[in-house]
Chemist: 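Here's a structure for you.
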Number of protein chains: 2
Amino acid sequence: MNVEPQSLVALIGEFADLPGIGQKTARRLAYHILSRRKDDVERFANNLINAVTKVHHCPNCFAFTDVEVCETCRNRSGAKSICVVEKSSDIIPFERSGVHKGLYFVLGGVISPLDGVGPEQLHLPLLVKRIQEEGIEELVLALGSSPEADSTALMIDRMLQNTNVKRSRLARGIPMGSELEFVDEVTMLRAFEGRVSL
Amino acid sequence: MNVEPQSLVALIGEFADLPGIGQKTARRLAYHILSRRKDDVERFANNLINAVTKVHHCPNCFAFTDVEVCETCRNRSGAKSICVVEKSSDIIPFERSGVHKGLYFVLGGVISPLDGVGPEQLHLPLLVKRIQEEGIEELVLALGSSPEADSTALMIDRMLQNTNVKRSRLARGIPMGSELEFVDEVTMLRAFEGRVSL
């Protein structure tokens with residue numbers, strides 16, 4: 001006999017639908033919710049609704065924002081460098097380290113013919129238009145390290161080859177704090193190929 | 001600069017407040033929510049509200065239910081055996097294995113003077129009342145294996161010593177499928193003490 005009330009089963013199902021949450025964790029989270037104060041859970045529910053209602057893509061850079069034009073685009077308008085990332089959350093480590101003071105542009109993916117993602121799905125024309133209109137002088141590609149990311153980077157590079165825009169991509173090599181003996185083959189290959197003279 | 005919109009930060013906070021969910025997982029879950037269809041997220045929010053609004057404790061056995069009296073209490077009224085557990089979710093393994101066909105009673109905890117939990121917080125008088133009124137003949141204690149659980153079991157046993165109720169607790173020993181070499185000391189001690197003649 002199923003002894004769990006229907007509304008509890010439904011809530012367990014919601015948690016189990018989240019990525020990386022199994023049935024056991026989902027049940028634990030749902031029982032935890034039952035132990036919370038009602039207004040606490042109402043705030044959780046409101047924040048869920050708020051997030052999907054208010055958050056949208058910035059029309060200039062396609063980063064997530066809940067205002068008309070995102071804060072970065074507003075505060076840094078006039079900046080001459082732009083960093084191109086795959087998805088909105090990729091901006092976080094740049095801002096956390098404070099390494100990039102310029103604009104961002106979220107491609108929304110990388111070109112992947114097998115998944116049906118072509119240049120037109122990626123706002124590429126808008127990137128070029130923005131570079132021209134705002135007189136961008138430097139473009140930093142930060143697209144991950146898959147073959148699809150590499151070919152997307154190559155395509156962006158070609159689209160801009162008749163312009164004066166300085167183009168670069170992030171360095172690849174050994175990350176901070178990693179033990180050399182555990183570094184994987186591809187990382188080691190790239191770190192060796194990209195070795196820097198002293 | 002914080003590049004994440006306020007409503008996204010709020011949602012990350014909600015997920016991070018759940019037990020066992022760290023900041024990184026919370027961020028991943030919140031971004032996942034943004035990728036969902038709006039009505040999908042509205043259903044999630046409704047299920048949260050529903051769970052805390054509709055689910056309450058059964059007035060007879062204190063298990064979670066969303067109807068007046070829980071299904072077990074209604075369907076098995078007249079049963080003569082009762083299984084006493086600490087919390088509502090402890091009922092699940094009994095029903096999954098189908099080993100117990102009788103009633104349940106959820107204590108709501110175990111006696112723990114240091115945490116301020118005494119017999120009066122645990123519905124103990126209601127358990128005794130129910131046993132008397134419904135003519136319960138057998139009581140199975142299934143209270144976990146902490147010292148607090150042991151002393152709670154002892155107290156329940158004493159409360160019923162002048163009655164004819166048959167009292168037992170779950171057997172302790174080696175669980176199914178476990179490798180003997182990894183069995184912990186306490187489990188081994190209890191399995192040895194409780195050895196059964198062939």
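Residue numbers start from 1 in every chain, and the chains themselves are labelled A, B, ... in the order their sequence lines are given, proteins ahead of strands.
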Chemist: Please answer: with hydrophobic residues joined when any side-chain heavy atoms are less than 4.5 Å apart, are A/Val117 and A/Val110 in the same cluster?
Modeler: no
Chemist: Taking C-beta and beyond as the side chain, do B/Val9 and B/Gln6 meet within less than 4.5 Å on heavy atoms?
Modeler: yes
Chemist: Only pairs of heavy atoms separated by less than 4.5 Å count here; which of A/Gly98, A/Cys70, A/Ser7 has the most with chain B?
Modeler: A/Ser7
Chemist: Looking at A/Ile33, A/Leu8, A/Ile91, A/Ile92, which has the largest count of heavy-atom pairs under 4.5 Å with chain B?
Modeler: A/Ile92
Chemist: Enter the distance from B/Ile82:CD1 to B/Leu141:CG here, rounded to the nearest 0.5 Å.
Modeler: 10.5 Å
Chemist: Determine the minimum heavy-atom distance between A/Leu103 and A/Ala79, stating which atoms define it.
Modeler: CD1-O, 3.8 Å
Chemist: Could you pull out the closest heavy-atom pair between B/Leu29 and A/Pro19, with the gap in Å?
Modeler: CD2-O, 3.6 Å
Chemist: Pick one of side chain, backbone, both or neither for A/Ala10, based on which atoms fall under 4.5 Å of a heavy atom in chain B.
Modeler: both
Chemist: Does one hydrophobic cluster hold both B/Ile12 and B/Phe15, with members joined at side-chain heavy-atom distances below 4.5 Å?
Modeler: no
Chemist: Can you name the residues of residues 34-55 of chain A that have some heavy atom under 4.5 Å away from a heavy atom in chain B?
Modeler: A/Leu34, A/Arg36, A/Lys38, A/Val41, A/Glu42, A/Arg43, A/Phe44, A/Ala45, A/Asn47, A/Leu48, A/Ile49, A/Asn50, A/Ala51, A/Val52, A/Thr53, A/Lys54, A/Val55
Chemist: Of the listed residues (A/Leu11, A/Ile21, A/Val67, A/Asp66), which shares the most heavy-atom pairs with chain B below a 4.5 Å separation?
Modeler: A/Asp66
Chemist: For A/His57 together with A/Phe64, are the ring centres under 6.0 Å from each other?
Modeler: yes
Chemist: Okay, side chain of B/Arg169, backbone of B/Ala153: is any donor-acceptor separation there less than 3.5 Å?
Modeler: no
